[in-house]
Amino acid sequence: MIRLETNLPGFFNELCEVIRLFLGAVEIRQDEGDELIVHRHDEAEGLWVERFSAQGHEVCHAAPIVRGRLEEKRQLKRAAKTGCFLLMREITGVTPPWGSLTGIRPTRLMYELREKGVEGEAARRAMEDTFYVSPDKALLLSDILTMQRGLIDTPDDEYDLYIGIPFCTTRCAYCSFASGELGKGTLVEPYLAALKREMALDAALMGELGLTIRAAYMGGGTPTALTAKQLDGLLREANRLYPGAREWTVEAGRPDTIDRDKLQALIDNGVERISVNPQTFSDETLRVIGRAHTAAQTVEAYGLARSMGFHHINMDLIAALPGENEEDFFRSLARTIQLAPESITVHTLAIKRSSRLHEQGYAQVDAGTAERMVNGARERLAEAGYAPYYLYRQKYMAGNLENVGYAKPGYACLYNIDNMEETTRILAQGAGAITKWLFPRERRIERSPNLRNIEQYIQRVDEMAARKRALILSQEENEQ
Ligand code: SF4
């Protein structure tokens, strides 16, 4: 256990995140622990001075003082985190690929630089110099900004729709979502009734505000765990209430839940983008991670979707799965590329606290192996004509790396960009779904999370819709 003594206790959690970049999920307390890290913050001659010491090492980082409520807090946090990062780097001799960045979308920083007129090579250098991001990751960010050009500037009167189906056939060992196993399926019909009610209440509100739908996304869970009839009914209702989406995605994630009737229901309702997720092409790994399908079923489901006319299929893979080495991962990647989906998302395994892998005490692969997998994927995908178009990072990822969506030209998913870059309002429905309401003038996001528990959601859907409505209306009025 580590004891972190700081005279900026308001940033304790952020400093812990930096320490965990180097030491993993260690316990850190303010009042006890065998290893002591001391942080002293001072001001001198127009500078913030951040002194960190531990294990006989001492570092000092200085940054110009910035005044002004929000910006001051932000810059001070950045200065303290940088000091902590420099200490940990000196002690461990390690520089994480994303440098000192935690808890922020790296692309957002690139966009902030762009607003100040700093672009291209200069922006990459700024990321390297200020946040110690590796040149390779800085280049990845530039490539993503290039792919997002023309897709990111959403008109102020548009929103995206997210519909969550929190059911899966079995639970994956790494899952931390609010998904329940289907079991006997007794909750499904009541859930769909509650969901349709929330959809209708929200649609009335969108009508009152005169907002227009941009992209629609049904995720989960596994939407295709529903029957074809249930899927058809839900999509019909979604299209009746929210007509005119420019893009419609349904996650058909588990290949074993896909059949001709369900795909036909998607086609009949205008869904043109689906995700068929192999995660790996190793049957042994699929068994270990509890996916309950085989690699052959993935190929079969993909072939069926293609034969029925789907022309935008995404496939998800996960690097650093339990028991897999680089060779295993690259074999899965090669097989995926051979199938030629329009987009491929490469995740890095994250072991969240609520996952079965965490309960089992599974240890991640070493950072170097994870990094070689992720970097190798990028090279191989570039050779095959895929470019990165969105990226996000999560806590507890192998090697502190990232998840990256790659797409062939013209196949970037609008919803993924909007959601990750937070440039569009996200109206979300279903258990555990989080509405992220953007106020364009203030460039601020307010969240309205729905209850994760499925039974609670069913019982209290009106209350959640009312809370969402109150938040949206109060803030939209402020924007007038
Ligand atoms: S398919 Fe997704 S939501 Fe369902 S159990 Fe697996 S990780 Fe969780």
Side-chain angles (χ1 to χ4, degrees), residues 162-185 187-188 191-192 195 217-227 230-231 234 249-259 262 273-283 285-295 297-298 301-302 305 313-322 324 332 336 344-360 362 364 392 394-398 403 405 413 415-416 419 428-434 449-454 457:
Y162 175 85
I163 299 173
I165 305 297
F167 298 105
C168 289
T169 43
T170 57
R171 192 164 170 83
C172 303
Y174 47 79
C175 183
S176 64
F177 298 122
S179 66
E181 283 185 35
L182 262 182
K184 293 200 180 89
L187 280 177
V188 176
Y191 178 79
L192 292 177
L195 181 59
Y217 193 103
M218 190 182 287
T222 308
T224 42
L226 300 177
T227 65
Q230 287 165 338
L231 263 180
L234 188 57
T249 299
V250 170
E251 274 183 30
R254 294 283 192 99
D256 53 327
T257 62
I258 298 174
D259 64 27
K262 293 182 195 181
R273 182 176 185 275
I274 59 170
S275 211
V276 178
N277 298 331
Q279 311 301 13
T280 169
F281 277 91
S282 155
D283 284 344
T285 311
L286 286 168
R287 195 187 55 72
V288 169
I289 60 176
R291 291 280 292 179
H293 65 84
T294 60
Q297 280 175 297
T298 306
Y302 178 84
I313 303 180
N314 172 75
M315 290 187 130
D316 280 7
L317 286 176
I318 303 177
L321 280 170
E324 292 212 336
S332 291
T336 310
I344 299 175
T345 310
V346 179
H347 294 261
T348 308
L349 183 67
I351 302 186
K352 301 272 188 68
R353 285 165 191 268
S354 52
S355 68
R356 206 167 70 228
L357 284 180
H358 182 261
E359 280 163 24
Q360 292 166 347
Y362 173 74
Q364 292 274 27
Y392 66 102
Q394 296 168 294
K395 282 184 184 167
Y396 314 118
M397 296 182 91
N403 300 325
C413 169
Y415 175 82
N416 283 337
N419 187 31
Q429 296 148 353
I434 302 175
N450 281 355
L451 292 164
R452 287 166 68 101
N453 179 286
I454 297 171
Y457 169 80

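Keep in mind that the numbers below use all heavy atoms, side chains included, and drop hydrogens, waters and symmetry copies. Because the structure is a prediction, the values reported are computed rather than measured. Just so you know, ligand 1 is whichever comes first in the structure, and atom 1 is the first atom listed for that ligand.
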Asker: Under 2.8 Å from atom 6 (Fe) of ligand 1 - does any N, O or S atom of Cys172 fall there?
Answerer: yes
Asker: What atoms in ligand 1 come closer than 4.0 Å to a heavy atom of Cys175?
Answerer: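 Reading through ligand 1 atom by atom, the close ones are 3 (S), 5 (S), 7 (S), 8 (Fe).
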Asker: Sub-3.5 Å donor-acceptor pair from the side chain of Lys262 to the main-chain atoms of Thr224, do we have one?
Answerer: yes
Asker: For Gly221, take its heavy atoms, then give the atoms of ligand 1 lying under 4.0 Å from any of them.
Answerer: 3 (S)
Asker: Run the salt bridge (charged side-chain N to carboxylate O under 4.0 Å, His left out) test against Arg287 and tell me which residues pass, sequence neighbours left out.
Answerer: Glu284
Asker: Under a 3.5 Å distance rule, please check whether Asn450 uses its side chain to pair with a backbone N or O of Gly430 as donor and acceptor.
Answerer: yes
Asker: Show the atoms of ligand 1 that are less than 4.0 angstrom away from any heavy atom in Cys168.
Answerer: 1 (S), 3 (S), 4 (Fe), 5 (S)
Asker: Under 4.0 Å from a heavy atom of Tyr174: give me the atoms of ligand 1 that qualify, with their elements.
Answerer: 7 (S)
Asker: Closer than 4.0 Å to some heavy atom of Thr170 - which atoms of ligand 1 meet that?
Answerer: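 Listed by number with element: 5 (S).
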Asker: Would the distance check show the side chain of Gln364 and the main-chain N or O of Leu349 forming a donor-acceptor pair, the cut-off being under 3.5 Å?
Answerer: yes
Asker: What pairs with Ser275 under side chain to side chain donor-acceptor pair (under 3.5 Å), at least two apart in sequence or on another chain?
Answerer: Asn277, Asn314
